[in-house]
Amino acid sequence: MPSALEVSYGLDGKSRVQITPTQSTFFERQQPHPVQVVWKEWHGHKLPLFFDEATEQPWFTQDDDGNIILQYDLVASAFYLLSGWQEYYGKDRDPLGRFPYRASQQSRHRMLTKPLVNYYFEVLREAVAKAYGQPLAPRLWDGKPFATCLTHDIDFCQSAWKVAGKPALQKGNLKLFLQLALQKFTGKDAWFNLPEVEKELKKLNALGTFYFLPETAPYEGHPNADYDVASPALQKEISRLAAAGHEIGLHGSHGSGLKARQLRTEKEKLPASVAGNRFHYLRFDPVKSPALLEELGFAYDSSLGFPERFGFRNSYCHPFRLFNFKERQMTSVWELPLNLMDVTLNHPNYLQLSPAEVLPALMPMLEEIVKFHGVFTLLWHNENFSSYGMEAGLQLFREITEYVQEKDTSFFTAAQAVDQVQKI
Ligand SMILES: [Zn+2]
């Protein structure tokens, strides 16, 4: 295989693989959603195409010189999804300023757990293999078929006695309340439990990523951290985790996705080695956040998942670069898509799955990640490793991680996973 593959976007009459560009003027009109979608089958999978008009042609044809002509504009469809076009030009926002799942193409076409862009690239890959007469070898993760990033947003470290204790007291469970309060006042709140999270990671032989929230003041009535990241107790935790090889990242507070100064102040409260960010409540602003993350020199962000559902918000199961619409170019910042947040599973506004329903529900998504040699990014809050978090929190974390181990994953920190992709 030659080092430079000849793939041209447009019919140049000479490249080994040529992609027929769309005639659509969609990208000049700045509308959020394509007008029409056509569906075409690919090895038993129906794939939507956003910028093609008919599907009678085969996926690709061969010209007289043996060059392969791809008949559909998969590049335009992939760009539409990866760039977050629908989020930038769409006006829908939830009360926290987030782009809602229900307004997405993924919801409209029920394809959130299908990484469509990976399917498009698979078509392209087959075209290249055909043009060059040999298959392209898949890229693996330290020799394993896929990677898993275990990540932990640290919102609460010292209020289990209050948050979990209050309902206990209301239900008349005085014993539980006293137990939690006692833990608190002897200096060990049930959620000051990072060593327990570490213990679970160690069992898996995995290094994790811990996003710390340096803002304590509530924002427009929404709570930020219940701890002071500068306190000796927290600094000790951060040093210990970092020394053990875990990654420390920033958990940008409410509103920081819109405000460079706020985000910078927060970043400066953490070790200088911090490379990544995830916004608290996943409050990534589709218009402002990409440029802001680039301005502050972040190597990556990992906020792009829908809080309402698990799956692929940008229809892709590998890291990709965030797009700056104003500059009309990719930023230097990578996005490590977030596939599953613990809260999504049981929150009253979200899925409300029982513990027994969780793993079977996740399997089809995980299968896709394995198939495309992608990355599974999981967010499990520290409080859900304790008995005072979500129902069966620790058990579910173990079930999910055991399952990915059975599927032969390798574990990476978020920054390592992004590095790995850049190396290739
Ligand atoms: Zn958070």
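Just so it is clear, the structure is predicted and the values come from calculations on it, not from any experiment. Read the numbers this way: they start at 1 and go in the same order the structure lists the ligands and their atoms.
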Partners of Phe306 by ring-ring contact (aromatic ring centres under 6.0 Å, His included), sequence neighbours excluded?
Tyr101
So, does Ser303 use its side chain to make a donor-acceptor pair with the main chain of Leu282 at under 3.5 Å?
no
Across all chains, not counting sequence neighbours, the side-chain contact (heavy atoms from CB on, under 4.5 Å) partners of Pro100 are Asp92, Arg102, Ala103, Glu308
Anything under 3.5 Å between a donor and an acceptor, one on a side chain of residues 346-356, the other on a protein residue two or more places apart or in another chain? List them.
{"residue": "His347", "atom": "ND1", "partner": "Asn349", "partner atom": "N", "Å": "2.9"}
{"residue": "Gln352", "atom": "NE2", "partner": "Pro348", "partner atom": "O", "Å": "2.7"}
{"residue": "Ser354", "atom": "OG", "partner": "Glu357", "partner atom": "OE1", "Å": "3.3"}

Test Glu87 against every option in Lys288, Arg98, Arg93, Arg313 by the salt bridge (Lys or Arg N to Asp or Glu O under 4.0 Å) rule and name the one that passes.
Arg313
What protein N/O/S atoms sit under 2.8 Å from the Zn ion (ligand 1), by chain and number?
Asp155 OD1, Asp155 OD2, His251 NE2, His280 ND1
Contact between Val197 and Phe210 at the side-chain level, heavy atoms closer than 4.5 Å - yes or no?
yes
